[in-house]
*Asks:* 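Sharing a structure, written as structure tokens. Questions coming.
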Amino acid sequence: HGPITRLVSPSDLGEVLKPFVFLDLFGFRPEPGHKGFGMHPHSGIATLTFMIEGDVGYEDTTGKKGVLPAGGVEWMRAGNGVWHTGAPVGDSPVLGFQLWVALPAAEENAPAQSLYLAPSQVPQEGPARVLLGPHGTAQSVIPAPASMNYLAVRLKDGERWRYTPPAGHTVGWVAVNAGRLDASGPVVAGELAIFEESGAAIDFVAHGDTAFVLGSAAEHPHELVMGAYSVHTGKAGLDQGEAGVRRIGVR
């Protein structure tokens with residue numbers, strides 16, 4: 001999709017990896033007149049955008065507006081409906097991941113909530129920045145809607161690292177944005193690998209300086225009922241969320 005590599009969609013790998021239902025790796029150099037991602041809606045999910053390089057201006061219909069710098073995180077719980085947008089600030093290259101998380105039934109139509117974290121607000125444990133959930137002694141300030149972890153990891157050439165998922169995490173995956181990773185098989189930049197359903201530790205070895213994101217979670221027990229920008233647990237929730245999106249769009 002031009003500057004965007006779609007690694008997971010709700011209609012394909014999202015069914016295997018739920019609650020992780022969507023993942024984009026985006027990277028481009030801004031051009032004159034580039035308007036970014038444009039104002040667009042969501043409902044029934046939460047999105048987490050992690051900026052690896054470049055600064056992005058943001059605005060959303062919860063009333064927040066500002067600049068998300070490189071290393072920063074945007075958390076948007078869309079719930080019953082929200083619109084948001086982002087656009088590059090300056091002419092530096094932009095690189096990042098956007099993840100969608102399916103919300104449990106109790107939160108899929110809750111009021112929208114947004115959090116924007118500066119790089120200094122993202123805790124670190126060893127080589128891992130903790131974007132969502134707990135890892136070691138670090139804990140993300142983002143209120144995860146269920147038991148899940150999302151980490152951004154950097155390893156130097158030849159460095160080894162072991163990830164031990166929390167109890168109950170049987171869903172696991174990794175996506176590489178730089179270098180080459182050995183995770184019981186090679187994973188290179190631009191690729192995503194899914195691990196067999198298990199709660200066992202995962203061992204990694206970097207070949208060259210390597211950067212990747214990793215997700216683990218307890219399996220989302222609900223069906224995925226999809227709209228254009230929405231994922232819910234049932235048709236009634238989808239209808240309610242899309243009605244909320246339309247009301248906000250008119251306003």
Side-chain angles (χ1 to χ4, degrees), residues 6-25 40-50 73-82 84 97-115 128 130-135 139-152 163-175 183 192-202 212-242 244-245:
R6 176 99 2 115
L7 295 166
V8 177
S9 292
S11 60
D12 48 58
L13 294 181
E15 290 284 355
V16 179
L17 294 175
K18 62 185 183 180
F20 306 108
V21 297
F22 173 105
L23 184 69
D24 270 355
L25 172 61
H40 60 280
H42 297 293
S43 71
I45 57 168
T47 69
L48 192 151
T49 304
F50 171 53
V73 172
E74 177 203 48
W75 171 257
M76 173 64 71
R77 187 185 70 182
N80 206 47
V82 74
H84 69 162
F97 282 100
Q98 185 176 88
L99 175 73
W100 292 11
V101 174
L103 294 175
E107 292 190 35
E108 66 178 319
N109 292 106
Q113 175 197 55
S114 60
L115 292 172
V130 183
L131 308 180
L132 192 62
H135 177 59
Q139 169 77 53
S140 172
V141 300
I142 295 170
S147 182
M148 64 183 70
N149 282 7
Y150 184 39
L151 312 178
Y163 174 69
T164 302
H169 285 208
T170 57
V171 175
W173 56 271
V174 63
L192 175 136
I194 300 171
F195 298 104
E196 292 181 353
E197 188 172 322
S198 169
I202 306 168
F212 59 97
V213 290
L214 175 149
S216 73
E219 186 176 356
H220 184 68
H222 304 286
E223 293 184 18
L224 302 180
V225 179
M226 290 166 278
Y229 294 88
S230 306
V231 181
H232 285 263
T233 66
K235 187 176 185 303
L238 175 64
D239 290 346
Q240 183 178 335
E242 291 195 329
V245 161

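Numbering of residues begins at 1 and proceeds along the displayed sequence. The figures that follow rest on heavy atoms only: side chains count, while hydrogens, waters and symmetry mates do not. If you're wondering where the values come from, they're calculated on a predicted model, not measured in any experiment.
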*Asks:* CG of Leu224 to CD of Glu15: how many Å apart, nearest 0.5 Å?
*Replies:*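 Going from CG on Leu224 over to CD on Glu15, the span is 4.5 Å.
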*Asks:* For Gln240, enumerate each residue passing the side-chain contact (heavy atoms from CB on, under 4.5 Å) test, keeping only those at least two apart in sequence or located in another chain.
*Replies:*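 Checked Gln240 against side-chain contact (heavy atoms from CB on, under 4.5 Å); matches are Asn80, Asn109.
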*Asks:* Under the rule for ring-ring contact (aromatic ring centres under 6.0 Å, His included), what residues qualify as partners of Trp75, not counting sequence neighbours?
*Replies:*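 In terms of ring-ring contact (aromatic ring centres under 6.0 Å, His included), with neighbours along the sequence ignored, Trp75 is linked to no residue.
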*Asks:* Would you compute the distance between atom CE of Met76 and atom CD1 of Ile142 and round it to the nearest 0.5 angstrom?
*Replies:*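 Spacing of CE (Met76) from CD1 (Ile142) equals 11.5 Å.
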*Asks:* Within a 6.0 Å radius of atom CZ on Phe22, are there more than 12 heavy atoms belonging to other residues, nucleotides or ligands?
*Replies:*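 Counting other residues, nucleotides and ligands, CZ of Phe22 exceeds 12 neighbours.
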*Asks:* Quick one: CZ on Phe195 to OG1 on Thr170, what's the gap to the nearest 0.5 Å?
*Replies:*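 With rounding to 0.5 Å, CZ (Phe195) is 13.5 Å from OG1 (Thr170).
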*Asks:* Looking at Thr164 and Ala201, what are the two nearest heavy atoms and their distance?
*Replies:*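 Smallest heavy-atom distance, with atoms named: OG1-CB, 3.7 Å.
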*Asks:* Which atom pair, heavy atoms only, marks the closest approach of Met226 to Pro10?
*Replies:*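 Scanning both residues, the minimum pair turns out to be SD-CB, 3.3 Å.
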*Asks:* Stepwise, does the side chain to side chain contact (heavy atoms under 4.5 Å, CB included) test hold for Tyr229 with Val245?
*Replies:* CA-CA 10 Å; Tyr229 294 88; Val245 161; over 6 Å; no
*Asks:* State the OG1-NE2 distance between Thr49 and His84, to the nearest 0.5 angstrom.
*Replies:*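 Interatomic distance, Thr49 OG1 to His84 NE2, rounded to 0.5 Å: 6.5 Å.
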*Asks:* Taking the side chain as C-beta and beyond, is there a heavy-atom pair between Leu238 and Ser230 under 4.5 Å?
*Replies:*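 Counting from C-beta outward, Leu238 and Ser230 do come under 4.5 Å.
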*Asks:* Rounded to the nearest 0.5 Å, what separates atom CE in Met148 from atom CG in Leu132?
*Replies:*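 Met148 atom CE to Leu132 atom CG measures 6.0 Å (nearest 0.5 Å).
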*Asks:* Suppose we screen for side-chain contact (heavy atoms from CB on, under 4.5 Å). Which residues come up paired with Pro221, at least two apart in sequence or across chains?
*Replies:*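 Counting only residues at least two positions away or on another chain, Pro221 forms no side-chain contact (heavy atoms from CB on, under 4.5 Å).
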*Asks:* State whether the side chain of His42 and the backbone N or O of Ala78 hold a donor-acceptor pair below 3.5 Å, judged by distance alone.
*Replies:*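 Checking the backbone N and O of Ala78 against the side chain of His42, no donor-acceptor pair under 3.5 Å is found.
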*Asks:* Has Ser140 got a side-chain atom pairing as donor or acceptor with Leu131's backbone, closer than 3.5 angstrom?
*Replies:*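 The answer is yes, because a donor-acceptor pair under 3.5 Å joins these two groups.
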*Asks:* Show the nearest heavy-atom pair for residues Ala217 and Phe20, with the distance to one decimal.
*Replies:*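 It is CB-CE1, 3.5 Å.
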*Asks:* Between Val101 and Tyr150, is there a side-chain heavy-atom distance shorter than 4.5 Å?
*Replies:*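 No - every pair of side-chain heavy atoms lies 4.5 Å or more apart.
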*Asks:* As a quick check of understanding, evaluate side chain to side chain contact (heavy atoms under 4.5 Å, CB included) for Leu23 and Trp173, giving each step before the final call.
*Replies:* CA-CA 11 Å; Leu23 184 69; Trp173 56 271; 3.6 Å; yes
*Asks:* Who are the side-chain contact (heavy atoms from CB on, under 4.5 Å) partners of Ala112, not counting sequence neighbours?
*Replies:*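 Per chain and number, Ala112 pairs via side-chain contact (heavy atoms from CB on, under 4.5 Å) with Thr62, Val82.
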*Asks:* Which heavy atom of Asp24 sits nearest a heavy atom of Leu7, and at what distance?
*Replies:*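 Minimum heavy-atom separation between Asp24 and Leu7: OD1-N, 4.5 Å.
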*Asks:* When rounded to the nearest 0.5 angstrom, what is the spacing between NE2 in His232 and CD1 in Ile45?
*Replies:*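 The distance works out to 8.5 Å.
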*Asks:* Determine whether more than 12 heavy atoms belonging to other residues, nucleotides or ligands lie under 6.0 Å from atom CD of Glu223.
*Replies:*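 It does not: Glu223 CD has 12 such atoms or fewer within range.
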*Asks:* Look only at the side chain of Glu108 and the backbone of Thr233, and say whether a donor-acceptor pair between them is shorter than 3.5 Å.
*Replies:*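 Between the backbone of Thr233 and the side chain of Glu108 there is a qualifying donor-acceptor contact (under 3.5 Å).
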*Asks:* Return the set of residues passing ring-ring contact (aromatic ring centres under 6.0 Å, His included) with Phe97 (not counting sequence neighbours), or none when no residue passes.
*Replies:*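 For Phe97, no residue satisfies ring-ring contact (aromatic ring centres under 6.0 Å, His included) once neighbours in sequence are set aside.
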*Asks:* Before you tell me yes or no, could you show the steps for Leu13 and Leu192 under side chain to side chain contact (heavy atoms under 4.5 Å, CB included), namely the whole-Å CA-CA distance, both residues' side-chain angles and the distance that decides it to 0.1 Å?
*Replies:* CA-CA 10 Å; Leu13 294 181; Leu192 175 136; 4.2 Å; yes
*Asks:* Please check this pair: side chain of Arg77 against backbone of Pro111, looking for a donor-acceptor N/O pair closer than 3.5 Å.
*Replies:*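 Present.
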*Asks:* If every non-hydrogen atom of Gly14 is compared with every non-hydrogen atom of Val8, which pair is closest and at what distance?
*Replies:*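 Result for this residue pair: N-CG1, 3.5 Å.
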*Asks:* Which pair of non-hydrogen atoms, one from Glu107 and one from Leu103, has the smallest distance, and what is that distance?
*Replies:*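 Where Glu107 meets Leu103 most closely, the heavy atoms are O-CD1, 3.6 Å.
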*Asks:* Going by the rule ring-ring contact (aromatic ring centres under 6.0 Å, His included), which residues pair with His222 if we only count those two or more places apart in sequence or in a different chain?
*Replies:*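 Listed in chain order: His220.
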*Asks:* Please lay out, stage by stage, how Ser114 and Glu74 fare under the test side chain to side chain contact (heavy atoms under 4.5 Å, CB included).
*Replies:* CA-CA 7 Å; Ser114 60; Glu74 177 203 48; 5.9 Å; no
